[in-house]
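Below, chain A is the first sequence line, B the second, and so on; all start at residue 1.
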Amino acid sequence: QKGETVRIAFMDPLSGPFANVGQNQLKSWQFAAEKLSGRNPAGVKFEVVGFDNKGSPQESLNTLKAAIDQGFRYITQGNGSGAGLALLDAVSKYNERNPGKEVVYLNYAAVDPAMTNEKCDYWHFRLDADTSMKMEALTSFMKDQPSVKKVYVIGQNYSHGQQVAKYFKDAIKRKRPDVQIVGEDLHPIGQVKDFAPYVAKIKQSGADSVLTGNWGQDLTLLVKAMNDAGLKIPMYTYYAGVTGTPTALAGGGDSEVYVVAYGHANHTGELGQMGAEFHKKFNDDYYTYATYNGINLLGAAMARAKSTNPVAVARAMEGLTVKSFAGDVTMRAADHQLQQSMFITKWQKAKKGEYSVENTGYTFVPIKQMDPYVSSTPTSCQMKRPAG
Amino acid sequence: MEFFTISLLNGISYGLLLFMLSSGLTLIFSMMGVLNFAHASFYMLGAYFAYTVAQLVGFFPALVIAPLLVALIGALFEKYALRRVHKFGHVPELLITFGLSFIILEMVQLVWGTSSVDYRVPDVLDGPLFTIYGTQFPMYRAFMMLVALLMLVAIWLLLTRTRIGLVIQAALTHPETVEALGHNVPRVFMLVFGGGCALAALAGVIGGNAFVTEPGMAATVGSVIFVVVVVGGMGSLAGAFVASLLIGVIQTFAVGVDASLMGAFQSLGMAVTPESPGYTLWKLKISQIAPILPYVFLVLILIFRPKGLLGTREG
Amino acid sequence: MLQVANLHAFYGKSHVLHGVEFDVRAGEIVALLGRNGSGRSTTAKAIMGMVESTGSVHWKGQEIQGRKPYEIAHLGLGYVPENRDIFPKLTVHQNLMLGQKSAKQKGRWGFDDMYGMFPRLKERQHTEAGVLSGGEQQMLTLCRTLMGDPDLIIIDEPTEGLAPKIVELVGEYLKKLKSRGVSVLLIEQKLTIAMAISDRALVMGHGSIVFHGTPDTLWADAYIRKEWLEV
Amino acid sequence: MTGTTPALELKDVRKSFGRTEIIRGCNLQVAAGERVAVIGPNGAGKSTLFNLVSGRFAPTSGQVLLHGQRIDGKKPFEINRLGLSRSFQITNIFPKLSVFENLRCGVLWSLGYKYTFLRFLADLHDANERAEQLMERIRLHKKRDVLAGNLTYAEQRALEVGITIAGGASVILLDEPTAGMSREETRRFIDLIKEVTVGKTLLTVEHDMGVVFGLADKIAVVVYGEIIAFDTPERVRANQKVQEAYLGSVVAAQQEGGH
Amino acid sequence: MDLPAAVPSRVPARGGSRRDFYEFRPYNVGRWVVWGAFALLLLVAPLVFTTSLAHTMLSQMGIAIIVCLSYNMLLGQGGMLSFGHAVYSGMGAFLAIHTLNLVSKGAWAVPVSLIPLVGGAASALFAVAFGYVTTKKAATPFAMITLGIGELVWASALMFPEFFGGEGGISGNRVTGPKPLGITFGPQVQLYYLIAVYTFVCTAAMFAFTRTPLGRIINAVRDNPERVEFIGYDTQKVRYIVFILSAFFAGISGGLAALNFEIVTSEVVSAPRSGAYLLFTFLGGATFFFGPIIGGVLMVLAFVLLSEFTKAWLLYLGLVFLFMVMYAPGGIASLIMMNLRVASFGRLKEVWVSYLALAVTALVALVGAGAMIEMVYHLKLNSALGPKLHFLGIPLDAHGVNSWFGAGFVLLTGLGLFEASRRQFLRQWGDIQEFIEKEIKRRETL
Ligand SMILES: Nc1ncnc2c1ncn2[C@@H]1O[C@H](COP(=O)(O)OP(=O)(O)OP(=O)(O)O)[C@@H](O)[C@H]1O
Ligand SMILES: Nc1ncnc2c1ncn2[C@@H]1O[C@H](COP(=O)(O)OP(=O)(O)OP(=O)(O)O)[C@@H](O)[C@H]1O
Ligand SMILES: CC(C)C[C@H](N)C(=O)O
Ligand SMILES: [Mg+2]
Ligand SMILES: [Mg+2]
């Protein structure tokens with residue numbers, strides 16, 4: 001076991017419109033593997049190889065086959081729940097049909113709650129926090145903001161956007177029944193070129209804050225449009241930190257944007273150093289901290305299982321707790337969802353010593369940290385564990 | 001009233017923006033009959049060139065230089081690639097622009113990276129122009145509207161004051177005869193294609209910082225600009241202009257309409273519950289489909305008025 | 001004025017003209033006769049630089065072989081193609097406009113002359129040329145080329161599809177052109193008209209000139225007529 | 001009028017494009033089996049008349065009757081199915097299909113094969129035979145597998161007529177079938193037309209008086225959208241109005257005599 | 001605008017030399033040989049390529065072949081340029097996976113092997129509805145309506161999770177229902193053979209279609225719709241029926257894809273998917289029946305293999321398209337047919353040497369160009385991992401002058417030699433074509 005090299009197949013878009021995110025995340029995995037390899041209790045080295053799934057669920061299945069043919073037993077994916085769900089399903093079927101050649105799927109960012117609820121699978125482990133967990137954290141923060149009275153919900157009309165809207169409504173009713181939802185808009189994903197009409201609608205509704213699960217262009221254009229119209233109300237978001245978005249946000253001027261995430265841009269300690277080093281090496285930001293947890297978790301599980309065999313490692317990962325950059329994290333056995341601390345961060349000009357995100361002069365500062373239990377949500381998962 | 005005014009303003013400015021994006025395509029599509037799928041790519045190139053040029057010499061020089069550079073690329077492409085393919089018909093023409101769009105995309109990613117670049121609105125144009133009912137109207141948006149109108153005037157002059165339009169249209173059916181009458185057809189084609197690309201690039205220079213300059217920007221405007229050209233009527237500049245405004249205004253107002261079929265049924269006394277078949281369809285609000293209304297528009301117009309709003313010919 | 005020597009022309013690999021030689025002098029009408037497929041149209045196209053060719057074409061003392069069609073047109077050669085290559089989507093008037101080489105050009109003829117010549121065109125001037133009747137299209141092509149104010153005009157079967165009365169008219173106009181100093185190279189099928197107006201006649205067969213002389217000698221030469229014209 | 005219904009009848013047919021009236025009340029009765037030449041100055045409306053009869057345009061008013069049945073306003077394919085077929089002044093064939101396929105397409109509907117995709121063409125012996133026969137009759141059998149677009153002009157004209165008669169229509173309209181052909185070819189072609197239209201009603205537009213007088217039983221003269229004369233060749237030629245409007249005295253005399 | 005190519009009224013005067021007539025028309029013996037070889041190929045392919053990736057790729061090739069052929073019923077045979085063909089293959093896929101799930105639930109008893117037919121029937125139904133409006137028009141209006149409908153369906157696919165399954169799509173399990181002879185379709189090979197059977201049957205059916213009256217009339221409609229109206233056919237109806245038939249086959253392919261991937265997501269109805277069908281059908285060759293077969297195979301190779309080989313795959317793809325459209329607008333099939341024609345006149349062997357020279361020099365040039373492109377990409381994407389990379393097993397140093405110089409040298413030498421052999425080849429080729437023209441003329445006069 002010691003000195004063994006475990007290869008992980010990374011499958012995410014490396015070409016096409018989401019290549020920027022995929023490239024960054026591949027580098028993050030490779031970087032984390034390089035930094036943390038051999039230092040784990042098992043003494044295993046990790047190597048991450050990129051496969052281009054072009055963001056497509058079907059192509060993901062091809063890359064999965066390719067990876068399996070090349071002897072990979074661990075795969076990781078995160079960019080897009082569509083590909084994620086396809087892989088979860090395919091891995092499950094493959095393992096069932098090919099006993100003895102099992103593959104483990106580490107999901108580092110696909111956040112559809114279904115993956116750890118009704119569609120949960122034994123071979124899937126999620127390192128990110130799912131939409132519902134993030135919403136727990138976010139609403140826990142919002143409920144303490146006295147200024148939040150009238151919220152406008154806007155999102156992309158697809159599963160993620162629909163879920164964000166639904167979980168928000170559930171959670172805020174529980175936590176702050178007095179908060180009014182003054183409007184809700186779901187627009188087709190990636191089709192809106194001009195958000196001004198939406199902003200006009202938000203303004204007319206008298207909202208004092210906006211909640212959105214939008215990402216990419218749908219987020220930046222929304223923020224820009226609000227700025228342009230002089231609508232300065234806080235926005236509560238999920239994905240302001242994804243590659244490219246900070247740059248675009250910075251171009252739009254000052255705005256009050258809050259992000260919920262399991263990390264932030266200004267960590268100190270080992271992760272902080274890694275971030276600085278990553279930046280020096282690639283001139284890019286290291287923000288996919290799930291790679292840090294992922295490598296550590298695998299290492300620990302391999303030590304515990306005394307093997308690198310996926311079957312043993314999967315078993316060992318269940319319920320495993322490791323130290324992370326913000327307290328301990330635990331892989332909940334019931335649904336294979338990592339339980340971890342959550343942060344609310346705020347987008348603002350970086351002060352001296354703060355990390356300038358994407359060299360924009362802006363940063364995400366943590367304004368609230370929440371322990372894992374806060375964001376922990378119940379699961380409906382009925383995990384089918386392999387016999388034996 | 002307040003919402004109406006603001007929406008109208010938004011609608012018109014969005015319409016003008018659409019026109020700005022599609023004017024070059026109108027020019028090329030209507031005159032040369034080429035479905036230029038790379039149009040949006042030239043738009044993107046314009047934005048990236050402007051980003052780089054603006055860093056070196058400032059925004060306003062970039063406003064001129066970037067379109068010229070792109071025009072040059074477009075003209076070269078016409079001369080060395082498109083022209084050879086012209087005689088094979090329209091599908092090959094279209095496919096070669098398809099191929100070009102891949103190449104431009106990759107080149108852009110190689111040169112400027114896969115992420116968005118920090119291309120900002122120049123300070124002089126940043127900030128609100130006026131405030132109406134407490135909503136600011138950004139100066140840059142007014143600038144965009146102005147440029148769109150200038151584009152309209154420029155193309156209109158080109159089409160009416162010169163015979164380039166006639167030469168091109170004639171050359172579509174009988175290129176050799178037009179040459180024998182003493183017109184340098186290849187040069188005219190090159191100029192028109194280059195000019196169309198320059199217009200796309202100008203839109204990019206202005207759109208790039210108003211929106212986001214990133215490799216995905218071409219794909220996001222890709223098909224909607226075809227809608228404008230077709231709805232307006234192929235071969236009609238005025239049509240494209242009217243179509244842009246119409247689409248802009250309708251789409252903007254549609255965002256404000258939260259009515260749905262479910263509501264309609266309920267007011268007719270029919271109960272629609274989540275269990276009813278097709279519930280998601282019935283509960284879909286008009287505001288939710290606003291951004292895809294242009295496609296609905298496209299299909300309807302082609303069925304009922306295939307010439308387009310102001311067009312004179314089909315196809 | 002126009003001297004053609006040893007002209008060969010090709011469509012891709014097929015060799016169509018085999019050393020054509022003739023000349024057209026100033027203010028002369030020359031008829032180019034021959035059977036279908038003998039290469040008359042190709043000769044016209046070769047002079048205009050519209051097909052691949054070798055040999056020599058001298059025009060007003062300049063070698064124009066190998067030049068581009070639009071350059072040749074600017075030197076004062078006009079060409080009326082067969083097939084009525086009108087521009088179907090443009091109006092009659094616009095078709096005529098394209099005949100001019102530039103908007104400012106002032107020539108011996110203007111729109112009014114054309115409309116005077118064929119009043120029918122004036123009536124239809126704002127109609128799309130594509131819907132004109134066959135004969136109207138034929139008139140339009142002729143006028144379009146005249147608008148370019150050429151010194152020599154090559155006309156490929158101008159009377160095809162014209163009513164007999166109009167055919168006569170065209171003949172008269174060609175004579176009028178001549179009287180204004182324009183030379184004409186007339187490619188014709190209808191011997192009657194060609195013989196009536198031309199100063200000289202050429203007969204073409206299998207891609208080369210097999211006869212040249214005056215119309216009268218051609219009338220007299222029964223062998224040529226039988227062998228190469230089949231009349 | 002005799003007791004038999006005319007093969008083709010026009011009753012006060014009018015057609016305007018925009019504001020201009022092109023056809024101004026045409027009346028015509030063509031008996032079955034008659035050969036009619038339609039002549040008239042350029043732009044008089046001959047082709048337009050054909051377009052109205054064949055369904056390319058609908059008349060603005062008036063009636064068109066084919067064997068006594070109203071066909072005005074019907075679609076071209078409906079009229080064709082009723083037994084009227086036409087050729088075009090400007091060659092209108094299927095350039096990327098072979099000569100044989102062009103002709104076979106022409107016969108398919110009339111043999112009742114309609115839109116079927118459940119039978120092989122190769123097994124349709126009647127259609128194939130008809131197409132082969134036609135090909136021989138229009139003398140294109142040596143070019144059987146040549147793409148129609150690659151034929152010479154005269155051959156394309158022949159094919160145009162071939163497609164027109166392929167469906168076995170009883171009323172045939174030919175629009176300047178010999179345009180662009182040499183005198184020699186024209187003569188051969190006219191013989192061909194005579195041969196293939198035996199027993200059919202034929203209307204043909206022609207400017208070549210030699211052809212007109214050689215081919216037609218009757219001549220209809222269209223001037224400015226009206227039929228000013230419809231009579232036997234001799235009487236039409238003698239008609240003063242026709243001479244003025246159309247023939248022009250000199251040419252009439254010359255063409256009559258041939259060359 | 002007339003699509004796909006302007007219809008020349010007389011002899012095609014533009015190009016110069018005449019395009020000659022060649023049709024894919026196997027003689028009876030030849031026909032058996034060709035189809036037998038095709039069947040054999042389908043049969044032995046998975047025995048030759050045995051990795052699991054190869055098996056899924058072969059399966060996908062079968063699927064792609066069917067869908068590209070069905071697309072070509074519109075484009076190549078009917079002159080209908082569709083930007084929304086994925087709507088039909090995709091709808092077939094969705095209906096098929098829903099059917100599969102009903103079967104799994106026991107609600108329906110359709111054998112898994114027949115589910116693709118359900119997909120086909122469903123697509124045909126959609127085509128009955130959508131096609132009614134699209135086929136009212138031809139040429140550009142047709143193209144634009146299909147674009148509009150395609151965008152609408154794609155956008156709706158994400159908005160209606162009940163039917164389309166949202167982002168995750170709908171997944172199913174093909175191991176269900178009765179298992180005749182122990183065939184479960186679990187192992188990829190079993191599914192491959194199912195796909196192979198469908199591929200063979202559908203190809204044969206679509207080929208047969210080209211030999212039927214409707215198949216011929218749609219060609220006529222493509223060439224000259226106006227004239228078709230005057231020989232008794234309603235062009236709109238012709239297009240409509242063909243559109244439905246094409247959708248039927250597209251639906252079958254969608255159904256097979258549903259079985260193959262066991263998941264159907266909204267991407268199957270997407271615009272890029274429709275675009276890919278168009279591109280690859282054209283690349284294969286739309287003017288010949290078998291062109292799209294090549295196109296389908298290439299589509300899978302490009303998307304699955306090429307993208308694994310190199311990050312620059314989109315660039316390569318774009319360049320290939322550019323050059324193919326410029327130099328071989330008839331697609332690969334036309335290149336093959338041109339050579340077959342030369343062969344049938346017994347002159348192919350003369351050009352072998354030239355081909356070899358062309359191939360070798362082109363390869364050299366490509367290696368040079370490829371090395372440079374790869375170095376550029378490496379510098380851009382992976383420079384932090386050090387300047388070293390491997391290209392075709394050759395170690396390169398993206399910072400090293402040697403590598404650049406070497407690659408440039410290879411490229412230039414290759415290009416120079418290629419140009420030389422190209423000139424030589426063109427001369428030879430011209431001679432042969434001239435010979436063939438003459439020969440054809442001679443035979444005509446016999
Ligand atoms: N575009 C072309 N490609 C190949 N061959 C051609 C082309 N155009 C004409 N030809 C051939 O060239 C020869 C001469 O044709 P040309 O058109 O010059 O004859 P013509 O004397 O004008 O006859 P016509 O009376 O038909 O107009 C003919 O044999 C013809 O088949
Ligand atoms: N679609 C249309 N729109 C407007 N005008 C038209 C249309 N079609 C025909 N015309 C006009 O109608 C008149 C008659 O045309 P038509 O083609 O019937 O003449 P014709 O008698 O066949 O003449 P020719 O002998 O020259 O072919 C012409 O002046 C023509 O311009
Ligand atoms: C690109 C990412 C921000 C996408 C996101 N992970 C999602 O599930 O939709
Ligand atoms: Mg000629
Ligand atoms: Mg006519």
Among A:Leu85, A:Asn62, A:Leu64, A:Asn283, single out the residue with the greatest number of heavy-atom pairs under 4.5 Å to chain E. A:Asn62

Between A:Gln191, A:Glu59, A:Lys54, which residue shows the highest count of heavy-atom pairs closer than 4.5 Å to chain E? A:Lys54

Per-residue contact mode, A:Gln162 against chain E (heavy atom under 4.5 angstrom): side chain

Rounded to the nearest 0.5 Å, what separates atom OH in A:Tyr286 from atom NZ in A:Lys35? 11.0 Å

Name all residues meeting the ring-ring contact (aromatic ring centres under 6.0 Å, His included) criterion together with A:Tyr198; count only those two or more places apart in sequence or in a different chain, and write none if there are none. A:His187, A:Phe195

Inter-chain contacts: residues 268-277 of chain E against chain A, heavy atoms under 4.5 Å: E:Val268, E:Arg273

Would you please say whether a donor-acceptor pair under 3.5 Å links the side chains of E:Gln188 and E:Asn260? yes

Say you draw a straight line from CG of E:Leu259 to CZ of E:Phe261; how long is it, rounded to the nearest 0.5 Å? 11.5 Å

Residues which pass side chain to side chain contact (heavy atoms under 4.5 Å, CB included) with E:Leu158, listed by chain and number, not counting sequence neighbours: A:Tyr158, A:Ile189, E:Ser266

For A:Asp284, what residues pass the salt bridge (charged side-chain N to carboxylate O under 4.0 Å, His left out) criterion, not counting sequence neighbours? A:Lys27

Between A:Thr131 and A:Tyr238, does any side-chain donor sit less than 3.5 Å from a side-chain acceptor? no

With a 4.5 angstrom heavy-atom cut-off, is it the side chain or the backbone of E:Thr56 that approaches chain A, or both, or neither? side chain

For E:Glu262, is it the side chain, the backbone, both or neither that has a heavy atom under 4.5 Å from a heavy atom of chain A? both

Any chance the side chains of A:Asn79 and A:Gln25 put a donor and an acceptor closer than 3.5 Å? yes

Between the side chains of A:Asp130 and A:Gln163, is a donor N or O closer than 3.5 angstrom to an acceptor N or O? no

Which residue out of E:Gly166, E:Gly168, E:Ser52 racks up the most heavy-atom pairs below 4.5 Å with chain A? E:Ser52

Side chain from CB out, backbone as N, CA, C, O: work out which of these in A:Asp89 comes under 4.5 Å of a heavy atom of chain E, or both, or neither. side chain

